[in-house]
Number of protein chains: 2
Amino acid sequence: MAKATIDDVAALAGVSMKTVSRVMNNEPNVRPATREKVEAAVAQLDYRPNMSARSLAGNRSYLLGLLYGIPSAHYVLDIQEGVLDICRPQGYELLVHPCNHQDPNITQEIVDLMRDKRIDGVMLTPPISDNMTLMHALKRMSVPFVRVAPTESKGLSPYVETNDQEASYDMTCKLIALGHTRIGFICGHPDHRAVTLRFDGYKAALIENDIPLSNDLVANGLNSFESGEACARKLLEKKSRPTAIFAANDDMAAGVMMVAHQLGIKIPEELSVAGFDDTPVAHQIWPALTTVRQPIQAMAKKATELLIKQLRGKDVQLPASMLTSTIIVRESTGVAPKKHS
Amino acid sequence: MAKATIDDVAALAGVSMKTVSRVMNNEPNVRPATREKVEAAVAQLDYRPNMSARSLAGNRSYLLGLLYGIPSAHYVLDIQEGVLDICRPQGYELLVHPCNHQDPNITQEIVDLMRDKRIDGVMLTPPISDNMTLMHALKRMSVPFVRVAPTESKGLSPYVETNDQEASYDMTCKLIALGHTRIGFICGHPDHRAVTLRFDGYKAALIENDIPLSNDLVANGLNSFESGEACARKLLEKKSRPTAIFAANDDMAAGVMMVAHQLGIKIPEELSVAGFDDTPVAHQIWPALTTVRQPIQAMAKKATELLIKQLRGKDVQLPASMLTSTIIVRESTGVAPKKHS
DNA sequence: TTGAAAGCGCTAACAC
DNA sequence: GTGTTAGCGCTTTCAA
């Protein structure tokens, strides 16, 4: 038996093609009895609308795009699953697009993708969610978009974010409460603004607790494990080294732990280490890493909802959504050592 | 200026629609001069074929599917990038579909996806690449598919694989060469056959070197970090414990290292540990893990090529491709300790 | 080597 | 509330 078309359904249900179309698209103005007849025919024929025909006639692709710049594999996969969970039931499919956010041609590449595939709407994840050039290009093409954890020009699109700054404030306070006063901080990649902002939470906590901010205790990382190692060396080889190091992400925190092991510094007895993200490595290294967990899938779901709402023309305003991260205390943090001998 | 259509291009080039179509699809039987005229018109109008119209008229979707069951985030992302690298330039797009391989409805779910989206061809990654029920369903629907690292019924489809067994044989030999004779092995999840086969390499190496295979030295893991910990406890709490442990993947190896640390067993002085996969955690834990690196992206690219070839009706035979993995020696392995006191 | 005509299966605009 | 009519922009078939 060949695949059923909308005509077959219409014939079987004894209605017109258009009525079937109305039922399939959940449009109003169909009498319940008619709707049921159509639904029965659909079920009987196992009818599936042909996406290509819909797209062609409706001048829409029913495709969403996901742009990611490899912050971390787990982050991306979590986002991906969150998006699919929401968009599939609503009839949208997802096109994923990895991109190198350093590539100067990134905007052109993405513009081409949007044009070629006629993508209906797109989600930008960090650090691409702060790429102004790209965003303006999308605006010019009238491609609706939603952003995850943007830090710039938030008025430009709907977005979702987490309370990163607050979480890093809380984490810093936690370290202070354990008696630490010399707390090192390893900043994130400057292009990845959302990570960078975590530094602000650290600073706020120090100020709040009357601890002077010292440049000697701050190092500039690049989000990678290797950069974490380099920063750790810089911080730990000082004569008066910190008793705790808070890194802006887990990879860098893992780098700190590696260096500490190599230098024979005991964690947490001699050095507390905290990270951010709760990637799998956080609980797989020894000792397990105290960190901050973000609701990544929840963010992705919320963002997808905002995007689809936008596509449907609802909510002309630009909604935003804030989700909360939570601190996960493990074995890498402990009370500050007594004044060192 | 509105989007150019094939008619616009035909008019500008002074040829028929069909000729433009021929040029766009790289069909033969177009005079070079004509081809150039058309290409000039395409460039001038910045013409992009409309996928939906193509799909509708051609009764193809130009969509490939990627089914994955979360073996590991990095694995999936690597595969994904490899596929995109090959399929995009050939005019195919990718639909990703995470699935739980334990779910009894998985076959129905995927069959529905294939029908709804009219997917032209699909790639199965482990452990789904061994799901016979699913494969038969795909055959019945005539959906072409390619498999990554299958272990069963290899004649059923084109596939790519790596020399896992040989690599684990080599790794075991390496440990033996370091003087180890009591070498523990942690098997992978029984549903994940490709991982399971790594055990065979271990066994072969023992036999080759006249070392008896002891059940006391083998533990059954489930691929997860936690299962690695459990197996490690089982192996290390014995009175006569192994001097080396080879785990069928990195996550389990990381579990072994965690337990060793907790038990105060020094790595590699008192215990060598080796893993498989070279996931990021392998070089982020301390001491860095000796492991096996698979050419994941290369496999994905090769598999995509095989799939597309199949879609184009070439190569009616079922080709297969074997890629080679390489051992990465890091700090977690060393010479066997002297007979223990 | 090229072209003309006929759809693919659906939605949009409007009529009833 | 429902139906009619025209395409959407391509590929296919077959003729020239």
Side-chain angles (χ1 to χ4, degrees), chain A residues 1-39 41-42 45-63 91 93 115-118 120 311-313, chain B residues 1-39 41-42 45-63 91 93 115-118 120 311-313:
Chain A
M1 132 192 139
K3 232 171 210 4
T5 72
I6 198 171
D7 287 301
D8 303 328
V9 177
L12 181 60
V15 299
S16 78
M17 206 166 94
K18 178 64 207 175
T19 300
V20 177
S21 173
R22 285 198 180 92
V23 171
M24 294 309 293
N25 294 293
N26 280 312
E27 285 172 31
N29 297 337
V30 180
R31 203 180 306 153
T34 314
R35 185 176 295 274
E36 276 167 33
K37 263 196 309 187
V38 172
E39 278 163 355
V42 165
L45 296 171
D46 192 25
Y47 165 66
R48 319 287 180 115
N50 180 315
M51 285 293 295
S52 307
R54 285 187 121 173
S55 300
L56 181 58
N59 195 31
R60 267 165 297 167
S61 65
Y62 296 94
L63 291 175
E93 256 308 329
R115 296 198 53 175
D116 284 355
K117 309 302 176 189
R118 265 96 167 159
D120 286 346
L311 301 183
R312 300 227 168 105
Chain B
M1 134 192 136
K3 231 169 210 5
T5 73
I6 198 172
D7 287 301
D8 303 328
V9 177
L12 182 61
V15 298
S16 80
M17 207 166 93
K18 177 62 208 176
T19 300
V20 178
S21 173
R22 285 199 180 91
V23 172
M24 294 309 293
N25 294 295
N26 281 312
E27 283 171 34
N29 296 338
V30 179
R31 201 180 309 152
T34 315
R35 188 176 291 275
E36 274 167 34
K37 263 196 310 187
V38 172
E39 278 163 354
V42 165
L45 297 172
D46 191 25
Y47 166 67
R48 320 286 180 111
N50 181 317
M51 286 293 295
S52 307
R54 284 189 121 173
S55 301
L56 180 57
N59 195 30
R60 265 164 300 168
S61 65
Y62 297 95
L63 290 176
E93 256 309 328
R115 298 199 51 174
D116 284 356
K117 310 299 177 190
R118 265 98 167 158
D120 286 346
L311 300 184
R312 300 230 168 103

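Every chain is numbered from 1, with letters handed out A, B, ... down the list of sequences.
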Work out which heavy atom in [X] is nearest to a heavy atom in [Y]; give both atom names and the distance.
X	Y	value
S61(A)	K117(A)	CB-O, 3.7 Å
L56(B)	S52(A)	N-CB, 3.8 Å
R118(B)	R48(A)	NH1-O, 3.3 Å

- Message: If the condition is side-chain contact (heavy atoms from CB on, under 4.5 Å), which residues does T34(B) pass it with, not counting sequence neighbours?
- Response: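 For T34(B) the side-chain contact (heavy atoms from CB on, under 4.5 Å) partners, ignoring immediate neighbours, are V15(B), T19(B), V30(B), R31(B).
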- Which residues pass the side-chain hydrogen bond (donor to acceptor under 3.5 Å, both in side chains) test with S55(B), sequence neighbours left out?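 Result, side-chain hydrogen bond (donor to acceptor under 3.5 Å, both in side chains) vs S55(B): none returned.
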- Task: Name all residues meeting the side-chain hydrogen bond (donor to acceptor under 3.5 Å, both in side chains) criterion together with D7(A); count only those two or more places apart in sequence or in a different chain, and write none if there are none.
- Result: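 Here no residue qualifies.
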- Task: Would you mind classifying the nucleic acid contact of S52(B) as base, sugar-phosphate or nothing, using non-hydrogen atoms under 4.0 angstrom?
- Result: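 Here S52(B) touches no strand at all.
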- Message: With a 6.0 Å cut-off (strictly less than), is the heavy-atom count around CG of N25(B), excluding the residue itself, greater than 12?
- Response: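 Yes, CG of N25(B) has more than 12 neighbouring heavy atoms, counting only those of other groups under 6.0 Å.
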- Segment of DNA chain D, first to last nucleotide, that comes within the 4.0 Å heavy-atom reach of chain A: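 For DNA chain D, the relevant span reads dG1(D) to dG9(D).
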- Query: What residues form a ring-ring contact (aromatic ring centres under 6.0 Å, His included) with Y47(A), not counting sequence neighbours?
  - Reply: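 Listed in chain order: nothing, the list is empty.
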- Message: Please encode protein proximity along nucleotides 10-16 of chain C as a string of B, S and -, counting only heavy-atom distances under 4.0 Å.
- Response: BBBB---
